[in-house]
Amino acid sequence: MESALTARDRVGVQDFVLLENHTSEAAFIENLRKRFKENLIYTYIGSVLVSVNPYKDLEIYTKNHMERYRGVNFYEVSPHVYAVSDNSYRSMRTERRDQCILISGESGAGKTEASKKILQYYAVTCPASDQVETVKDRLLQSNPVLEAFGNAKTLRNDNSSRFGKYMDIQFDFKGAPVGGHILNYLLEKSRVVHQNHGERNFHIFYQLIEGGEEDLLRRLGLERNPQQYQYLVKGNCPKVSSINDRSDWKVVRKALSVIGFSEDEVEELLNIIASVLHLGNIQYGGEDSGNAYITTDTQIKYLARLLGVDGLVLKEALTHKTIIAKGEELKSPLNLEQASSARDALSKAVYGRTFTWLVNKINVSLAYKSSNAHSTNASVIGLLDIYGFEVFQHNSFEQFCINYCNEKLQQLFIELTLKSEQDEYEAEGITWEPVQYFNNKIICDLVEEKFKGIISILDEECLRPGDASDITFLEKLENTVGGHAHLTTHKLADGKTRKVMGREEFRLLHYAGEVNYNVNGFLDKNNDLLFRNLKEVMCMSDNKILTQCFDRAELKDSKRPETAATQFKTSLAKLMEILMSKEPSYVRCIKPNDAKQAGRFDDVLIRHQVKYLGLMENLRVRRAGFAYRRHYETFLQRYKSLCPETWPSWQGKLADGVSTLVKHLGYKPEEYKLGRSKIFIRFPKTLFATEDALETRKHSLGERVTYHMVLVDAVVVQAWWRGILACRRAQRKRQAANTIRRFIKGFIYRHNERCPENEYFLDYVRYSFLMKLRRNLPKSVLDKSWPTAPTALIEASEQLRKLYMQNMVWGYCKRINPEWKHQLEQKMVASEIFKNKKDNYPQSVPKLFMGTRLNGEEINPKVLQSLGSEKMKYAVPVTKYDRKGYKARPRQLLLTSNCAVIVEEAKLKQRIDYAALKGISVSSLSDGVFVLHVPTEDKKQKGDVVLQSDHIIETLTKVAICADKVNSININQGSITFTMGQGKEGIIDFTSGSELLVAKAKNGHLSVTAPRLNSR
Ligand SMILES: Nc1ncnc2c1ncn2[C@@H]1O[C@H](COP(=O)(O)OP(=O)(O)O)[C@@H](O)[C@H]1O
Ligand SMILES: [Mg+2]
């Protein structure tokens, strides 16, 4: 419609919703006329396409035109049947919803042409492959074949479809047409045996006679002259200027082979067509009331050959009827009239069933033959091209069915358009204002209701035993539904109506207008009976097509077949179901004049169609309140330049942008409403004013074009760069997913031998262990920590640990200097002696041993002098306990290379040669008391010496090293016995207590209380 806005002044409006006076029929028709004169045959009512038959070739169906509509928004291009096709196609692809396009209109309005254009559009614009090409060809070629057998020249249309057609086009997931299926409805079989003046039989008869090769005709026993055939002369119109039967014959022959008919099948099909013509030429002799007999034996001869039946049996069957009564077969001769109608019934049955066979055959050829299992996933676009509403001078059973069908379609149209309109208002949160419209359900009910409907009444008359006739049917109508507002008969009508009605007519007040139906033939046509013996003959036929059409099982079935009207009713109900399940689009076709002339616009005729197509109602519903509605985005995009806040781009919410824009434009509150995603504008003039403003603005914007071009370039670059980034991101994600997948697999197979499934995982585990190890190696030789190895690396980890330890120890050793070595050697000795034996040993470990605890100045020079050349190795202050009384005296203990000396200031109190040192005793507790044992026999000595050092471990280690008495240090529990000289012994008792206490006990022993250490 956006294009409609720009072009509105030139040729009316492209969308009727933009008509200012939308309720005026005159304005509506004026708009149609204006456009029609300019060869603009298409106009929208919202999304419904109205099409007026131009009766001339317009150059608007070229490939270029198709391209113009392909993938373009419905509203951005001028109205066209291609726009509807494309819109349905895109909805099918994007919403994955089956679509249908309903084409309606009266005979000659252009329905079949429209459906062909749609099919061509799909054939040209949809993606294709080799296989698809064949399907496309077959889809396209099914048309000439069906038209040859199902179309005829009528007064209304030189190529009138005499059957209803619904065709599904199936598309695969790529959107390529891959198959099709056709449903046919109620072929007008009566045309086979009778045509009104100025009309013809089905095209195929004329095509065969005009186009068939000489020897073909000879074989079929036909002459090249339609006038020779009774079935072709009724309408007195064998030739039509707009039809070239001969060239059409070639087209049909080619189409048959494209669709996949074998030569044999074509031959048998033509045998049947020729047979029908021969049947028509069978003539009877005999009196009116007497028995009929056949006077034309040549026909029987041809028929016997062409149908592959016994001539005598056929002859018999055409003049007699068999009835089965009480299990017995009774044969009775027919009179002239009966025999003729039996013959015609046979012709109609043969032709009708062959037509159905043809449709089935085409369906087999169009069937979606997919090798993959998802073939049922095809999306579908359905095309409905069905007979339009028909009113003739003389209307019969066929018109009754056709018009009933149109009532049903109108009903569907009303329901779906109203409903979708109402749904949209609801979805947008806008109050629905009810629209007055005529609901034709009342007429549908009148026709189809069980028991009380016209079809039920007709069936009842057909089935009723006794003298039921068309007239009794009419009477029954009067009695049953006579009071219905939409039905009247000659008898029931008022005087004025009675004048224009025959006595044998009933009148239905259709939604589209009044139609008088003549009841003559209703019962017969509804019964559609074929005598049993004729059926039997057909069942015996050699013709393969006929054997498929006439099934022997049918003869055995004693149940009455359904009547024609009921069958039609059922098939329509199914059709409605099919259509309801799809999203519909509508093409409403209008015929501009009855003369099939280009450029003639007949007001009366068109007004009538506008009325019965319900177009004004459609427009009213569509306009209910609002002329125009658009998604916020589309609206803003189009008009944003009209408001400084929204130009060049609006960053906030779309709804706010639109709101700002319309406020800036000065829309009054009653002129518009904002829905959830769309703006609704009430009057076209509001929109036109906005459109005019846009035109003016466009000029001033011209200068900005360059700026815009740069902007566009920037956007392109940005888009590319974003694309590249997105690609990279996607690649990273892909890699990550791969790694995770390999990892999980590896984890599952981790206990297996190395294999492709787990090698990545195992390598990773090894690598990560080694990396972890590297970060967590022990820092010192004493650090015993070591990361836990995975199963595969336990052995290697152990080896590594040893190597690393050795290396660390080696390095450590290399770093040790002589003093430190000396220190460690002493510590080693201390450890050998005291480790786990004396309580205060652990405390001594971290403390370094000193070279000496007394330096030169602290020792009296006299003492040093008296020691002479003996080298001093260690000196420490000690406490000495007297042997008697255990008095504590401060002393110094000096160690030289030969002896230990106890010194009191300048006096050398006692000297103990190492050689004479018998042993050393200490307690296992934390005290510092020790005893140096000396031999008792040595008179120079005054007995063992009891000393106490604050550095007992160090002191005794030095003594042990200097005296080389490592093994002579006794560590005692409880008490130590020592000699005091003169054979006397003293005892030191050791106990644990809170603090160190050395004192003489009452028992005369020296009692040592050693402090308990925390570690104990
Ligand atoms: N779009 C069109 N362009 C040109 N001629 C058309 C167009 N539509 C219909 N016609 C003419 O009108 C005739 C009848 O159209 P058709 O589609 O057979 O009518 P319907 O199927 O509605 O009875 C066609 O044979 C053709 O000559
Ligand atoms: Mg048609």
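When reading the values below, keep in mind they use all heavy atoms of this one structure, side chains included, and skip hydrogens, waters and symmetry mates. Just so you know, ligand 1 is whichever comes first in the structure, and atom 1 is the first atom listed for that ligand. Note that the coordinates shown come from a computational prediction; the quantities given were computed from them, not determined experimentally.
- Remark: Y404 pairs with no residue by the ring pair (Phe, Tyr, Trp, His ring centres under 6.0 Å) rule, at least two apart or across chains.
- Using modelled atom types and a 3.5 Å distance limit, the side chains of D245 and Q207 yield no donor-acceptor pair.
- Side chain of R200 to main chain of P238: a donor-acceptor pair is present (N/O by atom type, distance under 3.5 Å, no hydrogens or angles).
- Between Y61 and Y121, the ring centre distance reaches or exceeds 6.0 Å.
- E448 and K408 are joined by a salt bridge, as a carboxylate oxygen and a charged side-chain nitrogen come within less than 4.0 angstrom of each other.
- Geometrically, R246 does not engage Y206 in a cation-pi contact defined by less than 6.0 Å to the ring centre and at most 45° from the axis.
- The distance cut-off of 2.8 Å around the Mg ion (ligand 2) captures these protein N, O or S atoms, sorted by chain and number: T112 OG1, S161 OG.
- Using a 3.5 Å distance cut-off with no hydrogens or angles, the side chains of D385 and T112 do pair a donor with an acceptor.
- Among residue pairs with one or both ends in residues 56-70, those qualifying as salt bridge (Lys or Arg N to Asp or Glu O under 4.0 Å) are E67-R70; sequence neighbours excluded.
- Remark: aromatic rings of Y82 and H80 are close, center separation under 6.0 Å.
- Among protein residues, N53, P54, Y55, K56, Y61, E106, S107, G108, A109, G110, K111, T112, E113, N157, N159 come within 4.0 Å of ligand 1, judged on heavy atoms.
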